[in-house]
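Please read the structure below before turning to the comments.
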Amino acid sequence: MDVTSIIDPLNEPQRKAVTASSKPMLIIAGAGSGKTRVLTHRIAWLIKIENLSPHNLMAVTFTNKAAKEMKDRIENLLEIPVNNLWIGTFHGIAHRFLRRHAENVNLDKNFQIIDSDDQLRIIKRLMKNLNIDTDQFAPKELQYFINKKKDEGLRPNEIDGKNDSELTQQIAFYRSYQDICDKGSLVDFAELLLRTHELLAHNPDLLSHYQRKFKHLLIDEFQDTNVIQYAFMRLLVGQQGLPFVVGDDDQSIYRWRGAKMEHIDQYQKDYPNTEIVKLEQNYRSTANILNAANAVINNNEIRMPKELWTEDSSGELIKIFSAFNEREEAAFIMGKIEDWVNDGNKRSEIALIYRSNAQSRVLEEALINKSVPYKIYGGLRFFERLEIKDALAYLRLVYFQNDDASFERIVNKPTRGIGAKGLDTIRNIAKDKQTSLWEAANDICKADKTGKSYSKLSAFISLINKMKRETDTLEISEKIDHIINLSGLVELYEKEKGEKGYTRIENLSELVSAAKGFEGDEDMSILDSFLAHAALEAGDEQANEWEDCVQLMTMHSAKGLEYPLVFMCGMEDGLFPHQRSMANPKNLEEERRLCYVGITRAKKLLYLTYAEQRRLHGIDNFSPSSRFLDEIPKELTDEIRSNYQKTTYITQNAKNYKSRFTSEAPFQLGQRVLHKKFGEGTIMTYEGESAHARVQVNFDNFGSKWLVVSYANLDLI
DNA sequence: CACGCGCGATTTTTT
DNA sequence: ATCGCGCGTG
């Protein structure tokens, strides 16, 4: 292969990045600036031109999907399959390290990965055992605490309790939780990273081995790395390594789960001879769209100065549509979708993106109504579905009998007479003898063959043993198939009303097919490998790919994707930016970045829509249009007037107002009011009747407040 | 022990 | 509006 095929398709800055030598690199890649291209060509360059062996580099991506895509593109570029290439997510790579060197960090070779759902179950269980009041700590709070500390690289004894009793309790809980995991050889997501970091930090020989091996470390979506991931990079790069990181501070949208875009600055401090390359030419959007995005993001205080540009023409103006309510918003979008398709375009070129999942409902209903095929991204992932987790719990218990979490999950599912009380007995025995629940159950059966629960428990034990016996020599997919058949799960789901049960059973057979073509990883057994796969990978549904569908997704899941026609729906203050992010400037800036991400998804045509009235969680909300709309220069936009439907809706609304607002609360939603302390504001939402009525007022200078009408002394303006 | 009602919460998502 | 979970009852 010659240099030209790698270099020719690149612009100047891209080329600079791809051909860089012997320097830590920082690539700031704006939206649509060819980031993935740079990464893949960089890898091709290293292998083909610098003759680097493929196993001397590591490439880290944010999602499994991105990893797969990168691998494919590299293989395409090099025209040879690249096996044993270390490309994956931080978690996937950490997992690989741990399987290889489990014994170095006191892990059982057969350790199992637990997902957040499993983790939460364990936490709830433990809270009960320790008599921790759920009023004092919500299980999710403790889960969040533990994961946060792990993401920061902290073990319980590294956290300072500061005489803070609440904090001290949380630390103690973290310690107990970890104890449970260690005893059961369970590793949660954050633990994968933390353990791997410790593995390398505490084993100098191993570390230097891997430092020599991975001379080149490439990291994508660098702005979204958390503390432990950054530390992992630092460790692996060592003194001689050459890190090559690619990111965009403007697209950092995961601060709320520990991502630190500050790592971009930190990196430059830690590697003083860093060469920075900025990719600012955008190949995706029209100039109007790009300029709108630039204008919005320019309102952020904290960002690296840069401005995307394009050679593309201005294109269409950005359309802004104000609807009366969410249904009219949806109806408007349906009309535009129809136009698009009638013009001979594909539905799959259309994306409907929104801030929160709850918004998808109305859109879905409208799409169904018009018989428009659509696909929703996100929502619950395949391997997270209840029926899949149930089936896998059987599989796990059959082959890893000390897996207490799985035992608890399925011991009475379907119900077989081993309820809370029976389970308690088992738990107590397990606790006393320091054994697993499985062993405790076996002990009970051996000890007393006359007890009431004996027959039930022993039937369960026989079932699991039978599963083991009959599937031991089978292929993984046959194992799963047979275990499902013996479990009674199918019969259980059949009883569920509606289509739900039917779907569940379908999913079970899909699980079997998923296992059929599954190829394991070299470092572990196929069973371990499959279970790890189930925990670490979402299980992308590629099913509907052939069908021409409108795409629905949140703005978060839209990152990295692009569509000719994009609708950003629900552009209302309170929804986007989200209410919970409006008060804190840093959070507001993150919302603005999210808006920037949204806008830059569009290639040709962008619609921004909002509703004056929106029913959310059963109550009507009246919000002003999103402040982000005001940040787009007027000359780039085209405000579309609503049509005849206006009158219909106004009468409808007037009726609602009348019936809801009695003479005692002479306010209307949208009414401007004056408050002694907070000044002027607009009534957004109401709740309750007459004397108990409360209103939510969005004050111009104080944000939104809930006030009881009878005390608030609001003056009408 | 199983089932059913009621209460509370309900941004964003990967791994 | 809806869904899941926890507690109380049959």
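Order of the sequence lines fixes the chain letters, A, B, ..., with proteins taken first and strands second; residue numbering starts at 1 for each chain.
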So does [X] pair up with [Y], basic N to acidic O under 4.0 Å?
X	Y	value
A:R327	A:E365	no
A:K148	A:E152	yes
A:E191	A:K150	yes

Exercise. Over how many whole Å does the gap from A:Q229 atom CD to B:dT15 atom P extend?
Worked result: 11 Å

For this session: Starting from P on B:dC1, measure out to CG on A:L457 and report it in whole angstrom.
Result: 11 Å

Seminar exercise, completed: Residue set satisfying salt bridge (charged side-chain N to carboxylate O under 4.0 Å, His left out) with A:R416, at least two apart, ordered chain then number -> none

Problem set entry | Sugar-phosphate only, base, or nothing, as touched by A:N412 at under 4.0 Å among non-hydrogen atoms | sugar-phosphate

Seminar exercise, completed: Within residues 188-195 of chain A, those residues having any heavy atom closer than 4.0 Å to DNA chain B are A:F189

Using the six-membered ring of [Y], assess whether NZ or CZ of [X] lies under 6.0 Å from its centre and within 45 degrees of the ring axis.
X	Y	result
A:R155	A:Y174	no
A:K375	A:Y377	yes
A:R396	A:F400	no

For this session: Would you grab the first and last nucleotide of DNA chain C (5' to 3') that comes under 4.0 Å of any non-hydrogen atom in chain A?
Result: C:dA1 to C:dG6

Problem set entry | Residues in side-chain hydrogen bond (donor to acceptor under 3.5 Å, both in side chains) contact with A:S116, at least two apart in sequence or another chain | none

For this session: Identify, with sequence neighbours excluded, every residue that meets side-chain hydrogen bond (donor to acceptor under 3.5 Å, both in side chains) alongside A:R614.
Result: A:E329, A:E572

Exercise. Hey, does the side-chain of A:S116 have a donor or acceptor N/O within less than 3.5 Å of a partner on the base of B:dT15?
Worked result: yes

Problem set entry | is_close_aromatic(A:F62, A:Y254), centroid dist under 6.0 Å | yes

For this session: Indicate for each nucleotide in nucleotides 7-13 of chain B, in 5' to 3' sequence, whether protein heavy atoms under 4.0 Å reach the base (B), only the sugar-phosphate (S), or nothing (-).
Result: ---BBBB

